[in-house]
Amino acid sequence: VAVLEAAKKINSPIMIQFSQGGAQFMAGKALDNTGQAASTLGSVAGAHFVRAVAPSYGVPVILHSDHCAKKLLPWFDGMLEADEAYFK
């Protein structure tokens with residue numbers, strides 16, 4: 001939220017990045033992350049949060065994923081599937 005507040009204050013577009021680890025933390029560390037399920041859930045939840053609140057700040061927001069190592073492809077694929085479902 002702090003970055004949205006700062007963007008509104010200076011009337012500037014922003015980019016918000018979700019990393020695999022940050023996304024897992026957002027979902028809750030108690031969740032099993034087998035197959036990157038918790039990381040995917042946290043990324044999707046974060047994206048929904050930003051999509052819900054960003055318009056109230058009146059600045060353009062771009063969501064960005066962290067670079068993805070091969071072992072994290074299930075996380076990236078899960079985000080792509082969620083985006084495809086969201087935009088249908």
Side-chain angles (χ1 to χ4, degrees):
V1 175
V3 71
L4 290 166
E5 292 172 353
K8 180 178 180 173
K9 183 176 180 179
I10 63 172
N11 193 31
S12 175
I14 57 166
M15 182 182 297
I16 297 176
Q17 175 179 311
F18 287 95
S19 67
Q20 177 268 341
Q24 181 185 7
F25 181 81
M26 185 159 188
K29 290 203 153 226
L31 293 183
D32 181 19
N33 201 30
T34 301
Q36 299 296 318
S39 293
T40 301
L41 178 63
S43 293
V44 172
H48 283 293
F49 174 79
V50 172
R51 288 173 181 150
V53 302
S56 297
Y57 287 88
V59 294
V61 178
I62 294 172
L63 294 176
H64 170 62
S65 65
D66 196 4
H67 300 284
C68 182
K70 208 176 223 185
K71 68 181 183 179
L72 301 179
L73 282 176
W75 165 64
F76 195 81
D77 290 341
M79 288 188 297
L80 289 176
E81 290 170 12
D83 273 351
E84 288 174 0
Y86 177 83
F87 286 107
K88 282 188 178 179

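- We find the CG-NZ distance between Leu4 and Lys9 to be 14.5 Å, quoted to the nearest 0.5 Å.
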Let me see the working for Tyr57 and Glu5 under side-chain contact (heavy atoms from CB on, under 4.5 Å), right down to the final yes or no. CA-CA 7 Å; Tyr57 287 88; Glu5 292 172 353; 3.7 Å; yes
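- To the nearest 0.5 Å, atoms OG (Ser65) and CZ (Phe18) are separated by 10.5 Å.
- The two residues Ala38 and Asn33 make their nearest non-hydrogen contact at N-OD1, 2.9 Å.
- Put simply, Leu63 and Val44 are part of two different groups of oily side chains (I, L, V, M, F, W, Y) that touch within less than 4.5 Å, one to the next.
- Taken to the nearest 0.5 Å, the OG1 atom of Thr40 stands 11.0 Å off from the CZ atom of Phe76.
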Could you walk me through whether Ile16 and Ile62 satisfy the side-chain contact (heavy atoms from CB on, under 4.5 Å) test, starting with their C-alpha distance in whole Å, then the side-chain angles of each, then the deciding distance to 0.1 Å, before giving a yes or no? CA-CA 6 Å; Ile16 297 176; Ile62 294 172; over 6 Å; no
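- Residues Val1 and Val53 have side chains not in contact (no heavy-atom distance under 4.5 Å, counting atoms from C-beta outward).
- For His64, the NE2 atom counts as densely surrounded, since its 6.0 Å shell holds more than 12 non-hydrogen atoms of other residues, nucleotides or ligands.
- Legend: side-chain hydrogen bond (donor to acceptor under 3.5 Å, both in side chains) pairs involving residues 79-88, not counting sequence neighbours, sorted by first then second residue: Arg51-Asp83.
- Atom OG of Ser43 is separated from atom CG of Leu80 by 10.5 Å, given to the nearest 0.5 angstrom.
- With sequence neighbours excluded, the residues that form a side-chain hydrogen bond (donor to acceptor under 3.5 Å, both in side chains) with Thr34 are Asp32.
- Looking at residues two or more places apart in sequence or on another chain, you find no ring-ring contact (aromatic ring centres under 6.0 Å, His included) involving Phe49.
- Residues Gln36 and Leu72 come closest through the heavy atom pair NE2-CD2, 3.7 Å.
- Minimum heavy-atom separation, Gly35 to Pro74: O-CB, 3.5 Å.
- Leu31 belongs to a hydrophobic cluster whose other members, connected by ILVMFWY side-chain contacts under 4.5 Å either directly or through intermediates, are Leu41.
- Grouped with Ile10 in a hydrophobic cluster is no other residue, since no side-chain heavy-atom contact under 4.5 Å to another Ile, Leu, Val, Met, Phe, Trp or Tyr is found.
- In this structure, the side chain of Ser39 engages the main chain of Gln20 through a donor-acceptor pair within 3.5 Å.
- Residues near Leu73 contribute nothing to a hydrophobic cluster around it, because no ILVMFWY side-chain heavy atom sits closer than 4.5 Å to its side chain.
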